[in-house]
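Everything quoted here is computed from the prediction, not taken from an experiment. Chain identifiers are assigned alphabetically (A, B, ...) following the order of the sequence lines, protein sequences preceding nucleic acid strands; residue numbering begins at 1 within each chain.
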Amino acid sequence: MTDGIAGDRLDKLNALRDAGIDPYPARVAKGQPIAEVLDGFDDKIDSTVTIAGRLSQIRDFGKLRFSHLTDRTGSLQIGFERDRLAEFWPTRKKIESNDLISVTGVLGHTKKGERTIWATEVTLASKALRPAPEKWHGLQDQEQRYRMRYVDLFANPGVREAFATRSKIVREVRNYFDSLDYLEVETPILQPLFGGAAARPFTTHHNALDMPLFLRIAPELYLKRLIVGGMERVYEIGRVFRNEGISTRHNPEFTMLESYEAWADYKDIMDRVEGLFQHLVDKVLGGDGKVTFREVEYDLKPPFQKARYLDLFAEQNPGVDWFDHDAVTARAKQLKLKTDGIEPAKLANDVFEATVEDTLSGPVFVHDYPTAISPLAKRMVDDARVTERFELFVAGMELGNAFSELNDAIDQEQRFKDQVVDKDDETPGEVDVDYVTALEFGMPPAGGLGIGIDRLCMLLTGSTSIRDVVLFPLLRRIDPNANAGGDGEANTAQ
RNA sequence: GCUUCCGUAGCUCAGUCGGUAGAGCAGCGGAUUCUUAAUCCGCGGGUCGAAGGUUCAAGUCCUUCCGGGAGUACCA
């Protein structure tokens, strides 16, 4: 517990206790938000207010000292004068930078014109045992910023704002769907079978039922059961889990929006996506759709471009037929892609990703995906090899995925069976019989949508890493015994 | 997983050719009634990520390991 704690701070804590001051009182006067005090400040000169927050940057002049107090809404200078603070003055040095305090005082200006609360009463709210990071540079070490986000949040300006923006984005996504009479629902995170995407799941086990379970990789199959049930318009914003690699745009747990609307097709969903972006541009970006991401400017104001999947493929791979396995394999080898043991449709899509995705600066709807890589989407009327599906790309990044939902139970069962035959780590080894049963009861034609909320937040806040929009990104655990254990063995061996 | 870079005081960072570990901030003592990265004088603070190796001598060179960043792969 004492490890790493500045001994001086502990000494001050004890000195405060000896002086009869509780360093962790149950309650203090919390006063009003600093932003509220600053609003119309000049009209409130000489009035008495109380504020509370974290203390920083003490500047001492003997009988006078200045500091700043910061709360969630803003920051205000405090002036401590000996003559106004008879009771507090003797203990002033025990209250230091990074401590949490409550201050009552008179509003005014300094000789230099700085807005200041001249303290008449100071109460310690909570003594900090660790010092704040360097006041000018803040906490720079990326690893420490993620491991100790609580420090990052108070020490680095802008971090709290970025997460406040994330909160606003999620709120406005909800407002948008709520305004369209969608119902927000919650479906199982623990699932006996996983589906709705292609990804390796995390596995776990329920003791009482003695049953293996998977953490969901998508909520899709449950939400569509609700469409069968007549809910007609539903959405869910929730965490999904994929046991895959970690990168600047991947975290093993991330937040997904999925929505489903009966009596709609994928063209209707395109309109919904454009409507959502228009809403976010208005509410989050203040009407201007321009964002800068990785030093490139994008305009998120709809309408968006549209391009057929197979047309894009043909442009970047002239003469190669997506459905001609030999031609695709030759092209893949030319691109130095892995070809061994990769099924034809997957390989053709690998070629698409290698040649087309980087060219999609967007925003652009890529539409009409091949059926073989779209097991839950409805086929085109005039070409069964292609489905009514689109993905939204911005900055070469896949932001959303949508399609006219497959509601043909027999076709769906067959596609599940095909997956079982080609089973890999990313598909369950059995058909989701209950889902097929649900479809057999009849699902209205419906359009569905999935959007990665974290990536949406990256784009809207200009963050280059997903870790900058996830409060606590997954990091490797530090084993506290890793080094000590080694030393211990070495010592006992001697 | 692979490639590459990084890890030095609580924080931000220097550390040359291998030759006695440094600065600023933070902290401690002192001065100071207008600072806002306050200033001035003095002081304390190190498992140089860990373990081995080379060497008369390792923060520095080599190997392995731990942790992290970036890129890449996986992520239909």
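Rounded to whole Å, the separation between the P atoms of B:rG46 and B:rC2 comes to 38 Å. Taking the C1' atom of each, B:rA50 and B:rA73 are spaced 29 Å apart, rounded to whole Å. Taking the P atoms as reference points, B:rA70 lies 16 Å from B:rC13, given to the whole Å. Distance check on atom C1': B:rG59 versus B:rU47 gives 13 Å, rounded to whole Å. Separation of the P atoms belonging to B:rU55 and B:rG15 is 28 Å when rounded to the nearest angstrom. The same atom, P, is picked in B:rC56 and in B:rU64; the two are 24 Å apart, to the nearest Å. The gap from the P atom of B:rA26 to that of B:rA38 amounts to 6 Å, rounded to the nearest Å. Here, B:rA51 and B:rG45 have their C1' atoms 27 Å apart, quoted to the whole Å.
Side-chain atoms of A:K111 lie closest to B:rU33 of the nucleotides B:rA26, B:rU33, B:rU12. The listed nucleotides are B:rU32, B:rG68, B:rA76; the one nearest the side chain of A:F61 is B:rU32. Listed nucleotides B:rG27, B:rA37, B:rC74 differ in distance to A:R200; the shortest reach to its side chain belongs to B:rC74. For A:D60, the side-chain atoms get nearest to B:rU32 when compared with the rest of B:rU32, B:rU12, B:rG68. When each of B:rA76, B:rU33, B:rG68 is scored by its nearest atom to the side-chain atoms of A:D83, the top-ranked nucleotide is B:rU33. When each of B:rG69, B:rA26, B:rU32 is scored by its nearest atom to the side-chain atoms of A:K135, the top-ranked nucleotide is B:rA26.
When heavy atoms are screened at a 4.0 angstrom cut-off, A:K346 is found touching the sugar-phosphate backbone but no base atom. Nucleic acid contact class of A:N243 (heavy atoms, under 4.0 Å, all strands): none. In this structure, A:Q140 reaches the sugar-phosphate backbone alone: every heavy-atom distance under 4.0 Å involves primed, P, OP1 or OP2 atoms, never a base. Using a 4.0 Å heavy-atom criterion, one finds that A:A132 contacts no nucleic acid atom at all. At a threshold of 4.0 angstrom between heavy atoms, the contacts of A:Q57 are confined to the sugar-phosphate backbone, with no base atom among them. Using a 4.0 Å heavy-atom distance criterion, A:R147 is classed as a sugar-phosphate-only contact. Base engagement by A:E81 is indicated by at least one non-hydrogen atom pair under 4.0 Å involving a base atom. Residue A:N98 is classed as having no contact, given no heavy-atom separation below 4.0 Å to the nucleic acid. No contact: A:G79 has no heavy atom under 4.0 Å from any strand.
Annotation: A:E121, atom CD; neighbour count of heavy atoms from other residues, nucleotides and ligands within 6.0 Å does not exceed 12.
For the side chain to side chain donor-acceptor pair (under 3.5 Å) with A:K378, the qualifying choice from A:N407, A:D265, A:T371, A:T387 is A:N407, the only one to do so. The ring pair (Phe, Tyr, Trp, His ring centres under 6.0 Å) test with A:F365 is passed by exactly one of A:Y309, A:F403, A:F390: A:F390. Applying salt bridge (charged side-chain N to carboxylate O under 4.0 Å, His left out) to A:D99 and the options A:R130, A:R54, A:R9, A:K94 leaves one that passes, A:R9.
A donor-acceptor distance shorter than 3.5 angstrom exists from the side chain of A:E134 to the backbone of A:H137, with no hydrogens or angles considered. Remark: the backbone N or O of A:F352 is not paired with any side-chain donor or acceptor of A:N349 at under 3.5 angstrom.
Checking B:rU55 for Watson-Crick or G-U wobble geometry (two distances, each under 3.5 Å) identifies no partner in any strand. Of the nucleotides present, B:rC2 is the one that pairs with B:rG71 by Watson-Crick or G-U wobble criteria, both distances under 3.5 Å.
Distance A:K93 NZ to B:rA26 C1': 15 Å, rounded to the nearest Å.
In this structure, A:R225 satisfies the cation-pi test against A:Y222, with its NZ or CZ atom closer than 6.0 Å to the six-membered ring centre and inside 45 degrees of the ring normal.
For the pair A:R242 and A:A197, the tightest heavy-atom approach, listed with the atom from each and the gap, is NH2-CB, 3.3 Å.
Two rings, from A:F80 and A:F88, have their centers less than 6.0 Å apart.
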Identify each atom pair where a protein N or O and an N or O of nucleotides 70-72 of chain B are less than 3.5 Å apart, giving names and distance.
unit_1	atom_1	unit_2	atom_2	d
B:rA70	OP2	A:R467	NH1	3.0
B:rG71	OP1	A:R294	NH1	3.1

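Between A:R476 and the phosphate of B:rG68, there is a side-chain N or O to OP1/OP2 separation shorter than 4.0 Å.
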